[in-house]
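Just below is one structure, and these are the notes that go with it.
Note on naming: letters A, B, ... go to the chains in the order of the sequence lines (proteins, then strands), and numbering restarts at 1 for each one.
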Amino acid sequence: MSLYETIKTRITNQLSVAANSAQAAGELIFEELPNYVLEEPRDRQHGDLATNLAMVLAKQAKRSPREIASTLIRHLDTTETWIESSEIAGAGFINFHLDPLWLTNVITEVLKAGEAYGQVDIGKGQRVQVEFVSANPTGLLHMGNARGAALGDSLASLLTMAGYQVSREFYINDAGNQIHNFALSLEARYLQLLGQDAPFPEGGYHGEDLIDTVKGLVAKEGDKYLSIEPGLRREFLVRYALGEKMRDIRETLQDFGVEYDVWFSEQSLHDSGEVRLTLEELQKKEYIYEKEGALWLKSTLFGDEKDEVVVRSNGTPTYFAADIAYHRNKFDRGFDRVVNIWGADHHGHVARMKGAMSALGYDADNLQIILMQLVRLIQKGEVVKMSKRSGQYITLRELMEEVGKDAARFFFNLRDPDSTVDFDMDLAKAQSSDNPVYYVQYAHARLSSILRQAEELGDNGVQPLEEDLKRLNSSEERDLLKKMADFPSEITVAARLMEPHRLARYVLDLAGLFHTFYNSQRVLVDDEGLRRARLSLVRAVKQIVGNVLRILGVSAPERM
RNA sequence: GCGUUCGUAGUUCAGCUGGAUAGAGCGUCAGACUUCGAAUCUGAAUGUCGGGGGUUCGAAUCCCUCCGAACGCACCA
């Protein structure tokens, strides 16, 4: 635990002790200690930390919050808390001012931990699986997939930092109806390319990339599939196209900085019989009934709005059936928590998926689904409908070429997944230099530059003396140090809420505080002690900026 | 119609389990480079937190209601 967290825990505990001892002394009456918080006030004049304990006690104690506050302060043991002074403010807040010297420990802490600074252990080694993107292999990756990739990959890294054992997974939708449509589309393109008059299937995939795929095949293998049996022909075409599409998806995501641990095939669930076994298990538990020739899951028993078909009247299982088998498989692989990132258009699926897990006897609370609002494409001020079927969308590849991987990943991770993003490619291109990512990267380059120059001046990275570290007491330095000390708590909150975008905000703040410091204090001063102290501060800031950027999948340049 | 999510400055968006005077970027205005990187910094202006009600010491945050938006409500995935 970092020093700052230790201090906060200690004070929080001592506050309860103070309340209890005041009660024992007959100076305060309450039945049960209510929930209270110890937090950093927004306004620095309100001290370093503040608590609302007196206010939340007011009702039970039947006294004014300010009176209670003064009683609490009298009973508070401040040893080992770094508390320098306490005061009562506002409606009854207790504000604590800490001895600023505690801050100098932060630098040592950061430099000692290095890449591990910020690691916390709320995960306690639990195994978590994060499944994200899982795009249909029937087209190229688009903006929505880009958002999912940025979010999912950063979330996985964040959870790793928070002490979870994380596995990244991609679910390949290589079965079912869409593959059938895919096959028909491929076949039509194939026949058309070879001069035949083939109608394009209804509901087929119009993307240009599909034509390119078929062209590639014709260039390699000519018209050898023209004369064979259509069923066999489609099978060949699908196998070829699927291989190519998945290779492309894999490479594109890799270039976007995403490395998966597992690529899981939907078809394999059918082949292994898991889909059938899962349905049998549900049948045995009597959660399945027949109606109009189809098999239905009683998902309404578990909070769904209506029951769902799992086997069609023609005898084929639905996508939902395969998905149930898939999630059963996930839990059976031993994950303590399973996290899915889905587009908001799938929200109707959440209740039934959780319901299905409950039906199978798993704790649905261990299945967490993060819904991400859609990315809307804007062109010339108008919303353009994106769709794989129509073939009209901006690809992840194009996005990376136009604005770059770093800008794209930062852009998505700057936003709450709950907010809809309007994306205008022309605007993004024109404004790509305004992307806040450069603000952070510039700070990193600037930090690196200072260290390079220090080296040229003969600095050999000698640790500063403690009394020199204590000289970092300007308001700019103290604000910066506080922000640095807060990093482990930021990781804790972000991981608990599964919100990596908090880290993007954090690193922007940190970079801003550094830039402010840089403009007000000189690092490479003649005074050797002070210089060493500031250089160690610079090293520590650089370390943290680098650590955050690594989580966000953004590069941390030495120069730019 | 029912459900999910959202509505915060001119604009794009932050705002942890309810906390003190609601914050950033861009844009606007005024300043700062012969010294460590001006992709930076300093200062100024800008708000009925969609409207209304409720809960309480205290609400952008929780509840209700209305208005508006996106997305769902298939034997598609």
_Using atom P in both nucleotides, what's the gap between B/rU56 and B/rG10 to the nearest angstrom?_
34 Å
Establish, yes or no, whether a centroid distance under 6.0 Å links the rings of A/His501 and A/Phe412. no
Within the 4.0 Å heavy-atom criterion, would you say A/Val56 contacts the bases, only the backbone, or no part of the nucleic acid?
base
Interatomic distance, CD1@A/Ile73 vs CG@A/Asn95, rounded to 0.5 Å, equals 9.0 Å
When rounded to whole Å, the CG to P distance for the pair A/Asp345 and B/rC6 reads 16 Å
Rounded to whole Å, OH of A/Tyr518 lies from P of B/rC33 at a distance of 15 Å
Rounded to whole Å, the NZ-C1' distance (A/Lys8 to B/rC16) equals 11 Å
Distance-only donor-acceptor test (3.5 Å): side chain A/His347, base B/rG3:
yes
*Does the side chain of A/Asn52 get closer than 4.0 angstrom to OP1 or OP2 of B/rG19 through an N or O atom?*
no
Discussion item. Regarding A/Arg352, tell me which of base, sugar-phosphate or nothing describes its non-hydrogen contacts under 4.0 Å with the strands shown.
Written reply: base
Q.
When you measure from the side-chain N and O atoms of A/His501 to the phosphate of B/rG15, is any distance below 4.0 Å, counting only OP1 and OP2?
A. yes
Counting any heavy atom closer than 4.0 Å, what does A/Asp509 reach on the DNA or RNA strands: base, sugar-phosphate only, or nothing?
-> nothing
Sorted by position of nearest nucleotide on RNA chain B, 5' first, the leading residue of A/Val525 and A/His515 is A/Val525
For residues 534-545 of chain A, the side-chain hydrogen bond (donor to acceptor under 3.5 Å, both in side chains) pairs (sequence neighbours left out) are A/Asp459-A/Arg539, A/Glu477-A/Arg534, A/Gln521-A/Arg534, A/Lys542-A/Glu558, A/Gln543-A/Asn547
The glycosidic conformation of B/rC33, counting syn as within 90° of 0 and anti otherwise, is syn
**Prompt:** Do A/Asn340 and A/Ile370 have side-chain heavy atoms sitting under 4.5 Å apart?
**Reply:** no
Original post:
In terms of side-chain geometry, is the basic nitrogen of A/Arg478 or A/Glu476 positioned less than 4.0 Å from the acidic oxygen of its partner?
Top reply: no
**Message:** What contact category does A/Gln521 fall into here, base, sugar-phosphate, or nothing, at under 4.0 angstrom with non-hydrogen atoms?
**Reply:** base
Legend entry - Between B/rC63 and B/rA59 - C1' atom distance, rounded Å: 11 Å
Requested in this report: Would you indicate, yes or no, if B/rU42 has its OP1 or OP2 atom less than 4.0 angstrom from a side-chain nitrogen or oxygen of A/Thr516?
Outcome: yes
Secondary structure of RNA chain B per the Watson-Crick/G-U criterion (both distances under 3.5 Å; [ ] crossing, | other strand, . unpaired) is (((((((..((((.....[...)))).(((((.......))))).....(((((..]....))))))))))))....
| said: If the cut-off is 4.0 Å, is A/Ser489 near the phosphate of B/rC16, judged by side-chain N/O to OP1 or OP2? | reply: no
Look at the side-chain N and O atoms of A/Tyr438 and state whether any lies under 4.0 Å from the OP1 or OP2 oxygen of B/rC26.
no
Atom CG of A/Leu497 and atom P of B/rG15 are separated, to the nearest Å, by 10 Å
Can you check whether A/Tyr442 stacks with the B/rG37 base, using ring centres under 5.5 Å and planes within 30°? no
* Asked: Can you check whether A/Gln453 has a side-chain N or O nearer than 4.0 Å to OP1 or OP2 of B/rG37?
  -> yes
Whole-Å distance, A/Leu503 CG to B/rC16 P, equals 15 Å
Taking the C1' atom in each of B/rC6 and B/rU61, what is the distance between them to the nearest angstrom?
14 Å
Residue set satisfying side chain to side chain donor-acceptor pair (under 3.5 Å) with A/Asp416, at least two apart, ordered chain then number -> none
ask   = With a non-hydrogen cut-off below 4.0 angstrom, is A/Ala89 in contact with a base, only sugar-phosphate, or nothing?
value = base
Exercise. For A/Ile122, look at atom CD1 and say whether over 12 heavy atoms of other residues, nucleotides or ligands are found less than 6.0 Å away.
Key: yes
A side-chain contact here means heavy atoms from C-beta on lying under 4.5 Å apart; do A/Tyr326 and A/Glu131 qualify?
yes
To the nearest angstrom, the CG-P distance between A/Asn173 and B/rA77 comes to 10 Å
From CG of A/Leu57 across to P of B/rU56 the rounded distance in Å is 18 Å
Rounded to whole Å, CZ of A/Arg66 lies from P of B/rA20 at a distance of 16 Å
message: Measuring to OP1 and OP2 of B/rA38, would you say a side-chain N or O of A/Arg446 lies under 4.0 angstrom away?
response: yes
Assign each of A/Val493 and A/Thr318 the nucleotide of RNA chain B bearing its closest heavy atom; nearer the 5' end lies the nucleotide of A/Val493
Distance check, C1' atoms only: B/rG37 and B/rU48, in whole angstrom units. 45 Å
Side-chain donor/acceptor of A/Ser419 to base of B/rC13, under 3.5 Å
no
(request) Please measure how far the C1' atom in B/rU46 lies from the corresponding atom in B/rU55, and state the result in whole Å. (result) 33 Å
What contact category does A/Ala294 fall into here, base, sugar-phosphate, or nothing, at under 4.0 angstrom with non-hydrogen atoms?
base
message = Is the shortest side-chain heavy-atom distance between A/Ile249 and A/Phe170 below 4.5 Å?
response = yes
